[in-house]
Amino acid sequence: MADPARKLATYADVLAAPPNMTAQVIGGDLHLQPRPSKPHTIATSALGEELGPPFKRGRGGPGGWMILDAPELHLGDDIVVPDLAGWRRERMQTVVDDLPYFTLAPDWVAEVLSPSTTRLDRTKKPRLYAQAGVSGLWFIDPVAKTLEVFERGDQGQWVLRDAFSEDAKVKARPFDAITLDLSVLWAGT
């Protein structure tokens, strides 16, 4: 039974968070995490660099995507910050307002795991993403050097479609129009 005296976290709590922390609200709880570690940042940046030209710009790939680093998403009362998120252009044609967050759920998210984020990234956030209608979810572990590719099933559950490691060359949905060399995600780690 819920505690009637419990104060639910709000966007005001996110705005009041220390600048060296990433603030998220899930199920009314405020989650504060330190800024990402170096391996985490390297993997996130490298993935964005690999997906951006063919999918965002249409260079060497089909285009048709808006891919953003660490966008703040307001999905109902929940506020999350995935490491990367992508929207198909037919769903997000232009960004017309000046809000610092997005309310349209992305089509795909990538969470890069680190000791301070793994628990939240693997438990609460996937349920929230599925409920919001996200269809693709990737987990990238830069220490274990792995990529797990999930798709939302018919009943809203996440289904593991594939898992890759080390320096594999992969075609992973929804970005299977190109071959992704995983070794670029770990370069320098």
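Being a predicted model, the structure only gives us computed values, none of them experimental. No hydrogens, no waters, no symmetry mates; every other heavy atom, side chains included, goes into these values.
With sequence neighbours excluded, the residues that form a side-chain contact (heavy atoms from CB on, under 4.5 Å) with K56 are M66, L68. The ring pair (Phe, Tyr, Trp, His ring centres under 6.0 Å) test applied to W138 returns W108, F175, not counting sequence neighbours. R127 pairs by the side chain to side chain donor-acceptor pair (under 3.5 Å) definition with nothing, not counting sequence neighbours. Partners of D121 according to the side-chain contact (heavy atoms from CB on, under 4.5 Å) rule, which considers only residues two or more places apart in sequence or in another chain, are E111, L113, T117, K125, F139. Shown here are the side chain to side chain donor-acceptor pair (under 3.5 Å) partners of R88, two or more places apart in sequence or in another chain: there are none. Listed by chain and number, the residues in a ring pair (Phe, Tyr, Trp, His ring centres under 6.0 Å) with H74 are Y11, Y101 (sequence neighbours excluded).
The number of heavy atoms from other shown groups lying within 6.0 Å of CZ (R35) does not exceed 12. Remark: Q155 CD is loosely packed, at most 12 non-hydrogen atoms of other residues, nucleotides or ligands lying under 6.0 Å away. Counted within 6.0 Å of CZ on R119, heavy atoms from surrounding residues, nucleotides or ligands total 12 or fewer; the atom is thus considered open. Counting non-hydrogen atoms of other residues, nucleotides and ligands closer than 6.0 Å to CG of D77 gives a total of 12 or fewer.
Residue G28 comes nearest to D78 through the heavy atom pair N-OD1, 4.4 Å, listed as atom of the first residue, atom of the second, then distance. Residue L147 comes nearest to L182 through the heavy atom pair CD2-CD2, 3.9 Å, listed as atom of the first residue, atom of the second, then distance. When all heavy atoms of G156 and A130 are compared, the closest pair comes out as O-CB, 3.2 Å. Of all heavy-atom pairs spanning W87 and P71, the tightest one is CH2-CG, 4.0 Å. Taking each heavy atom of L137 and P126 in turn, the nearest pair found is CD2-CB, 4.0 Å. Contact record, A132 with L75: CB-CD1, 3.9 Å, taken as the closest heavy-atom pair.
One hydrophobic cluster holds both L180 and W65 under the rule that ILVMFWY side chains link at heavy-atom gaps under 4.5 Å. Under the 4.5 Å side-chain heavy-atom criterion for Ile, Leu, Val, Met, Phe, Trp and Tyr, I67 and I178 are members of the same hydrophobic cluster. L15 and L73 fall into different hydrophobic clusters, where Ile, Leu, Val, Met, Phe, Trp and Tyr are joined by side-chain heavy atoms under 4.5 Å apart, directly or via other members. Placement of M92 and V134 within a single hydrophobic cluster is found when ILVMFWY residues are connected by side-chain heavy-atom separations under 4.5 Å, directly or transitively. Clustering ILVMFWY residues whenever any of their side-chain heavy atoms sit less than 4.5 angstrom apart, transitively, puts V149 in the very cluster that holds L185.
Distance alone, capped at 3.5 Å, is enough to place a donor-acceptor pair between the S135 side chain and the D107 backbone. The main-chain N or O of G136 is never found under 3.5 Å from a side-chain atom of R173 such that the two would form a donor-acceptor pair. In this structure, the side chain of W186 does not engage the main chain of P142 through any donor-acceptor pair within 3.5 Å. Judged by distance alone, with hydrogens and angles left aside, the side-chain atoms of H40 form a donor-acceptor pair with the main-chain N or O of V112 at under 3.5 Å.
Using a 3.5 Å distance cut-off with no hydrogens or angles, the side chains of Q24 and Q33 do pair a donor with an acceptor.
Of the listed residues (P39, S45, S37), just one forms a side-chain contact (heavy atoms from CB on, under 4.5 Å) with T41, and that residue is S45.
One finds a salt bridge joining D29 and R6 here, because a Lys/Arg side-chain nitrogen approaches an Asp/Glu carboxylate oxygen to under 4.0 Å. Salt bridge absent: D141 and R122 never bring a charged side-chain N and a carboxylate O closer than 4.0 Å.
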Please report the C-alpha distance between D176 and R161 in whole Å, then the side-chain angles of each, then the deciding distance to 0.1 Å, and finally whether the salt bridge (Lys or Arg N to Asp or Glu O under 4.0 Å) criterion is met.
CA-CA 12 Å; D176 52 348; R161 292 294 182 202; over 6 Å; no
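To the nearest 0.5 Å, the span separating CG on L32 from OG1 on T22 amounts to 9.0 Å.
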